[in-house]
Protein chains: 2
Amino acid sequence: MFSKACEYAIRSTIYIAEQSNLDKRVSITDIAKAIDSPEAFTAKILQQLSKNQIIDSIKGPNGGFSIEKKNMRNLKLSQIVLAIDGDSIYKGCGLGFKECSEKQPCPVHNKFKIVRDELKYMLENTTILELSLGLKEGLTFLHR
Amino acid sequence: MFSKACEYAIRSTIYIAEQSNLDKRVSITDIAKAIDSPEAFTAKILQQLSKNQIIDSIKGPNGGFSIEKKNMRNLKLSQIVLAIDGDSIYKGCGLGFKECSEKQPCPVHNKFKIVRDELKYMLENTTILELSLGLKEGLTFLHR
DNA sequence: ATAATAAAAGATAATTTTATCTTTTATTTA
DNA sequence: TAAATAAAAGATAAAATTATCTTTTATTAT
Ligand code: FES
Ligand code: FES
């Protein structure tokens with residue numbers, strides 16, 4: 001579904017959000033441990049998230065990554081997916097044509113569209129805040 | 001969503017089904033032209049489909065690929081996806097954990113599950129026959 | 001039997017994705 | 001100002017996916 005990079009991006013963001021809610025900034029090392037991901041690769045992904053203003057990053061001692069509380073409830077899953085994987089997952093053609101077209105639909109178009117639109121809706125209406133709350137409450141997990 | 005290999009597999013199968021409905025066997029060259037795919041790569045994929053008994057293949061002159069008419073309406077999209085990409089698309093965890101778990105759910109589990117189950121339902125209830133009919137009737141297209 | 005046809009099988013190559021390592025830049029603290 | 005900390009940037013490497021090319025096997029028609 002998503003690329004590895006995007007999976008790590010989502011996991012990282014949720015973890016950063018959880019920690020930011022506790023007013024804690026987190027380092028790459030912390031994050032990679034918390035979400036069980038390759039540290040250097042995760043660092044690259046966090047750079048992209050930072051450039052896309054999805055997370056904040058501060059260099060130097062007491063630095064690290066964070067998300068402003070006031071932004072959390074407006075930050076949607078779709079923004080992370082867009083920043084890392086682009087929009088093809090919920091806009092592209094299921095059979096790989098250059099673009100999905102209503103006028104020249106591929107054979108799976110009508111069936112696929114429904115699922116894809118539901119995915120789109122889910123991504124656009126799920127906030128990082130709500131995902132981080134489930135984590136905080138011990139209902140969900142970032143590693144096993 | 002699907003790998004390139006899987007996209008070509010689906011496109012190929014639909015095309016073969018359409019032609020089999022006209023009692024025509026088709027060669028790799030035909031297929032690659034019809035679905036606009038790299039021929040040699042497509043050949044490899046058709047080998048897998050043949051091994052998985054999704055399509056029939058006959059060597060030699062007048063040979064080629066086909067699907068028995070009586071099998072077409074029982075052949076589901078899910079079987080093709082399973083043969084090429086495996087079942088992770090509709091069984092796996094959205095955040096890449098080894099397996100999706102109800103007991104130790106990842107943060108997106110409850111949201112993701114709904115979309116994934118709908119995808120699963122769609123794949124398991126869409127037949128190659130119906131997809132090939134849309135093509136035959138000129139309502140859908142295998143290339144642009 | 002021989003030649004022609006077409007897929008299967010095997011080997012190799014290109015590209016993309018995933019991952020790691022090294023150097024640089026920014027910031028803080030002593 | 002110097003040392004320590006932590007991310008950014010750049011270079012490189014490993015693995016997976018996508019793609020191509022060559023050889024072999026099966027089948028048909030002459
Ligand atoms: S054209 Fe293929 S999904 Fe719309
Ligand atoms: S545990 Fe991640 S989707 Fe179920």
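Keep in mind that this is a model prediction, so the values were computed, not measured. Here is the naming used below: chain letters follow the sequence lines, and residue numbers restart at 1 for every chain.
Scanning atom types as modelled, one donor and one acceptor separated by under 3.5 angstrom connect the side chain of A/Lys59 and the base of C/dT25. No hydrogens or angles were tested; on distance alone, a donor-acceptor pair under 3.5 Å links the side chain of B/Lys44 to the base of C/dA9. Judged by distance alone, with hydrogens and angles left aside, A/Gln47 brings a side-chain donor or acceptor within reach of the base of D/dA9, the pair sitting under 3.5 Å.
Looking at heavy-atom distances under 4.0 Å, B/Thr29 makes no contact with the nucleic acid at all.
Nucleotide C/dT22 holds its P atom 19 Å from the CZ atom of A/Phe41, rounded to whole Å. To the nearest angstrom, P of D/dA19 lies 7 Å from NZ of B/Lys4. Atom CG in A/Asp56 sits roughly 11 Å away from atom P in D/dA8 (whole-Å rounding). Between the C1' atom of D/dA9 and the CD atom of A/Gln48 lies a distance of 13 Å, rounded to the nearest Å. Atom-to-atom, CG of A/Asn62 to P of C/dA26 comes out at 19 Å; the value is rounded to the nearest Å.
Minimum interatomic distance between B/Ser101 and B/Gln104 (heavy atoms only, all atoms of both residues): OG-N, 2.8 Å. Taking each heavy atom of B/Ser20 and B/Met72 in turn, the nearest pair found is CB-CE, 3.7 Å.
Considering only side-chain N and O atoms, A/Tyr8 lies under 4.0 angstrom from the phosphate OP1 or OP2 of C/dA19.
Residues A/Met122 and A/Leu131 share a single hydrophobic cluster, defined by chaining ILVMFWY side chains whose heavy atoms lie under 4.5 Å apart.
In this structure, the nucleotide among D/dT20, C/dA9, C/dA4 sitting nearest to the side chain of B/Ala40 is D/dT20.
Below 30°, between 30° and 60°, or above 60°: for A/Phe112 and B/Phe2 the angle between ring planes is between 30° and 60°, a tilted geometry.
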